[in-house]
Enquirer: 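Would you mind keeping the following structure in view while I ask a few things?
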Amino acid sequence: MRKKKLLWQAILISILACVAVTLFAAWLAREQAKEELQGYLHDIAEQAMLRSDRAYTVSGHFLEQLDKSDLNDCSEAHQQRLSNITFSELFVRSVIYAPDGVVKCSASSRSNYPLPPPDQHTMLGRSLWFEFKGDLPKPSILYGKGPHYAVINSQYLVDILPVKKRGLYIEVDRNQRRLASTKNVKPKPDTTWLQQTSVSRTNPNYKITASLPPKELQRAWQDYFKDLLPLCSVVCIIFIGIIIWFTRRSFTMGLEIIEGLRLGEFEVHYQPMVTLAKSEVCCAEALLRWQRQNGSKISPDLFIGYAEENGQISLLTQFVLEKVATDLAQLANTDVSISVNLAGADLASPLFVENLAALCKKHQLAPSRIELEITERSLVLGQSEIEVITRLRQAGHIILIDDFGTGYSSLSYLHTLPVDILKIDKSFVQALGSGAATHHVASHIVQMATALGLSVVAEGIETTEQAETLKEMGVEWGQGWLYAKAMPFEELRQFLQTPTPARFKPLSSDPLPDTV
């Protein structure tokens with residue numbers, strides 16, 4: 001059930017991660033589209049302003065030339081000059097001659113009519129008529145100070161032909177009065193439109209605004225989003241891979257441990273310890289084994305190391321203690337004790353001592369029958385952990401230091417730590433007589449233990465030569481495949497009932513496994 005729950009959690013996290021990546025890609029696509037369109041509008045507005053400035057500059061130039069000339073009679077030469085200007089300048093629809101505010105002639109007509117009052121006056125002294133029609137078919141902008149005036153095509157100011165026209169809308173206004181706007185664009189731009197405004201350098205009241213409707217932003221966003229989708233998919237896959245990896249690493253093993261405890265996949269095996277002098281079984285070490293329901297076995301180095309790193313070791317210790325107490329209750333007619341390995345987390349629990357005492361009371365066991373092993377790597381303890389060890393020893397439990405000699409800090413603790421027995425690591429036992437650099441370590445450990453008044457157990461004894469050497473050194477107890485492998489409780493009970501000579505035959509000549 002918990003595994004299924006974890007699976008659904010991983011799926012949910014993966015979905016949320018992909019949704020987050022997709023939303024980020026959508027946001028990024030929108031920002032890129034918006035930036036691109038704003039740049040596009042800025043260029044359009046600047047381009048329109050350049051056209052507009054040119055129209056007024058060129059108009060002012062040729063109007064000055066005409067006003068200074070002696071052409072003031074609407075003669076054919078006069079009209080021809082006006083016609084030539086109209087033909088040469090794209091933005092000019094016509095040039096009119098209107099002395100004293102009355103039109104006398106134009107590039108193509110000799111119609112006479114008065115000019116209406118101007119709409120605005122410019123800083124250069126010229127006037128503007130925003131929708132001047134005269135005898136022309138379409139309203140235009142009339143510009144000048146007289147007697148000559150330029151009729152400017154207002155659409156010239158906004159008919160920009162960019163590479164991508166899109167739904168472009170351009171509006172020209174002066175003093176908030178519209179001079180020209182793009183044709184065929186019915187809706188008036190609002191706050192949802194993208195806009196960029198260019199202001200004339202010579203007149204801050206003269207502005208050209210380029211706008212795009214929201215649909216253009218949506219279209220550009222879709223294009224960018226399509227481009228980002230492959231990258232988005234790759235990032236999603238990477239996220240899912242990371243989530244799966246973390247899930248498997250951080251949760252799967254822990255969940256399987258809990259599930260294994262619930263399904264009864266864990267089992268406690270016992271490896272006997274014997275007295276080297278009399279070859280009698282005095283104790284057995286409890287070793288946890290895990291065999292899955294599919295028959296696969298999980299190495300203790302794997303699941304115990306994981307449990308220590310992820311705060312589940314206390315669950316396993318509690319399971320082992322309860323199983324050991326139950327099995328010891330069935331060995332009430334013997335003096336055999338069982339040693340159980342403790343982790344630093346067990347010693348850090350303030351209720352560990354009380355719980356262990358309650359367990360012994362429940363099964364009517366003397367505390368001395370449950371010995372407690374502390375690995376040397378757990379010896380970097382605080383004062384509270386040392387107090388827990390002291391209380392355990394005062395309660396009657398025997399305290400052993402496991403794998404002694406492989407750590408780096410135990411010597412500083414041995415003078416103050418309430419310890420009874422040192423267990424020599426099997427690597428030093430196997431080095432006996434080999435000439436290796438660790439050849440003499442075992443003898444030094446025995447000498448140190450003797451000086452401190454501690455007993456010694458040698459682990460990993462494989463040959464009778466090793467057993468004899470250790471006995472000569474003064475080692476009291478031994479443990480290893482020379483005597484017995486780790487075995488289930490029923491086999492241990494039969495082993496204890498077997499006559500002594502049959503117990504201590506080497507069990508196998510095959511190479512020994514790393515973990516026994």
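Residue indices begin at 1 and follow the sequence shown. Any value given below was found using the heavy atoms of this structure, including those in side chains, with hydrogens, waters and symmetry copies removed.
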Enquirer: Centres of the Tyr483 and Phe495 rings: under 6.0 Å?
Expert: no
Enquirer: Whether Glu476 and Lys471 form a salt bridge (side-chain N of Lys/Arg under 4.0 Å from carboxylate O of Asp/Glu) is what I want to check.
Expert: no
Enquirer: Only pairs under 3.5 Å count here: list side-chain donor-acceptor contacts from residues 320-333, not counting sequence neighbours, and write none if there are none.
Expert:
residue : atom : partner : partner atom : Å
Glu322  : OE2  : Gln318  : NE2          : 3.0
Lys323  : NZ   : Asp327  : OD1          : 3.1
Lys323  : NZ   : Asp327  : OD2          : 2.7
Thr326  : OG1  : Glu322  : O            : 2.8
Asp327  : OD2  : Tyr270  : OH           : 2.5
Gln330  : OE1  : Arg493  : NH1          : 3.2

Enquirer: So, do Thr209 and Ser211 sit near enough that their side-chain heavy atoms are less than 4.5 Å apart?
Expert: yes
Enquirer: Kindly assign one of parallel, tilted or perpendicular to the pair Tyr169 and Trp193, based on the angle between their ring planes and the thresholds 30° and 60°.
Expert: perpendicular
Enquirer: Salt-bridged, Lys34 to Glu31, with N to O below 4.0 Å?
Expert: no
Enquirer: Inspect the surroundings of CG in Asp335 and state if more than 12 heavy atoms from other residues, nucleotides or ligands are less than 6.0 Å away.
Expert: no
Enquirer: Got a salt bridge between Lys207 and Glu171, using NZ or NE/NH1/NH2 to carboxylate O under 4.0 Å?
Expert: no
Enquirer: Evaluate the side-chain contact (heavy atoms from CB on, under 4.5 Å) criterion for residues Thr275 and Lys278: first the C-alpha distance (whole Å), next the side-chain angles of each, then the deciding distance (0.1 Å), finally the verdict.
Expert: CA-CA 6 Å; Thr275 58; Lys278 298 183 180 180; 3.7 Å; yes
Enquirer: Under 3.5 Å, which donor-acceptor pairs do the side chains of residues 354-367 form with other protein atoms, sequence neighbours left out?
Expert:
residue : atom : partner : partner atom : Å
Glu354  : OE2  : Arg391  : NH2          : 2.5
Asn355  : ND2  : Leu351  : O            : 3.2

Enquirer: Mind checking whether Trp221 and Phe225 have parallel, tilted or perpendicular rings, split at 30° and 60°?
Expert: parallel
Enquirer: Between Gln479 and Gln271, does any side-chain donor sit less than 3.5 Å from a side-chain acceptor?
Expert: yes
Enquirer: From Ser314 OG over to Leu347 CG, what is the distance, rounded to the nearest 0.5 angstrom?
Expert: 9.5 Å
Enquirer: Check this for me: does any side-chain nitrogen of one of Arg289 and Glu267 sit under 4.0 Å from a carboxylate oxygen of the other?
Expert: no
Enquirer: Under the side-chain contact (heavy atoms from CB on, under 4.5 Å) criterion, do Ile338 and Ile370 qualify, and how do the steps go?
Expert: CA-CA 5 Å; Ile338 303 294; Ile370 298 181; 5.8 Å; no
Enquirer: Any heavy-atom pair between the side chains of Leu400 and Leu372 that's under 4.5 Å?
Expert: no
Enquirer: Between atom NE2 of His397 and atom CG of Asp420, what is the distance when rounded to the nearest 0.5 Å?
Expert: 12.0 Å
Enquirer: Take Gln38 and Leu194 through the test side-chain contact (heavy atoms from CB on, under 4.5 Å) and record every step on the way to the result.
Expert: CA-CA 7 Å; Gln38 291 286 19; Leu194 295 178; 3.7 Å; yes
Enquirer: Which atom names give the shortest non-hydrogen contact between Ile313 and Ile304, and what distance separates them?
Expert: CD1-CG2, 4.1 Å
Enquirer: Please examine the side chains of Asp346 and Phe352, heavy atoms only from C-beta on, and report whether any two atoms are closer than 4.5 Å.
Expert: yes
